Amino acid sequence: AQSVTQLGSHVSVSEGALVLLRCNYSSSVPPYLFWYVQYPNQGLQLLLKYTTGATLVKGINGFEAEFKKSETSFHLTKPSAHMSDAAEYFCAVRHNYGQNFVFGPGTRLSVLP
Amino acid sequence: GAGVSQSPSNKVTEKGKDVELRCDPISGHTALYWYRQSLGQGLEFLIYFQGNSAPDKSGLPSDRFSAERTGGSVSTLTIQRTQQEDSAVYLCASSFSVGSTYNSPLHFGNGTRLTVT
C-alpha cells in the first residue's frame, strides 16, 4: 500500500527563518505529488503540485518544493517565514493508475515573532 | 461560485439522530471524495465517487455511514444514529480523474463541522 510520511508533526520557526517541511513517499513508480495548506476552520488549499518535468516546483505564497526521485522525497520550503504561514500542511500523492489520493498525517507550522 | 460548496457549515445534533451532509462539487469534476478530520488529526478517507458510482467505499467506518451521488454532481453523506465519536469536520473534495487528468489536484470545500451531543 502507498504511504506518505511527514517527519515532524509540529515545526516551529522564527519569523524570517527558513521553513522546511519534509515529505517522503513509498512507491517504486514516481507519483503525482501535492502540497496542501489548511488554515484554521477552513478546507485544504492547494499550494503546489509536481506532475512531470522540472523537479523544482514553485507554488503560492513563496513556497516551493523539490522532487527527488532517488530520495523519494518532496520537501516543502520557503526562504523566509511569515506569521501568516502558521497553518497545517499536508503532503499527498496520487498515481496515474489509481483514483485515490493518499495524504500524509500533516505538519503543524508555528511561526514565532 | 466556482468552488466546492458544502452545507451546512456547522451541524449540532443529538446522539441517535440522523444527519445529512451535502456537497456540491466543481462543475465538470467527475471524481468526488469525502474525508473526515477529527480534532487535531489528519485526513481520514471515507468514500470516493467516479460519476454516480462508488468504486471505493472502504473508508466508511460502519454501516451507519452511507453516501450517494446523483446526476454526477451533488453528493450526500448520511450518518444514521449518530454517536459522539462521529463528531468531526467532514470535508468534500472534487477533481478531474479521467485519462490524462490524473495529475489534477483535489479541490476542497470548507467542510461541515458536526458536533454530536
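Keep in mind it's a predicted model, so treat the numbers as computed, not measured. Each chain gets a letter, A, B and so on, in the order the sequences are listed, and its residues count up from 1.
A donor-acceptor contact shorter than 3.5 Å links the side chain of Gln6(B) to the backbone of Gly111(B). In this structure a side-chain-to-backbone donor-acceptor pair under 3.5 Å is missing from Asn10(B) to Thr112(B).
Hydrophobic clustering, with ILVMFWY side chains joined whenever heavy atoms are under 4.5 angstrom apart, keeps Tyr48(B) apart from Phe65(B).
Contact of Tyr36(A) with chain B is made through the side chain alone, with heavy-atom distances under 4.5 Å. Using a 4.5 Å cut-off between heavy atoms, Gln37(B) contacts chain A through its side chain alone, with no backbone atom that close. For Leu44(A), the parts lying under 4.5 angstrom from a heavy atom of chain B are both the backbone and the side chain. In this structure, chain A has a heavy atom under 4.5 Å from the side chain of Leu91(B), while its backbone stays farther away. Interface remark: Gln38(A) contributes side-chain atoms only to the contact with chain B (heavy atom separation under 4.5 Å).
Within the 4.5 Å cutoff, the side chain of Pro61(B) has heavy atoms near those of the Arg36(B) side chain.
Ion pairing between Asp18(B) and Arg64(B) fails under the 4.0 Å rule for side-chain N and carboxylate O.
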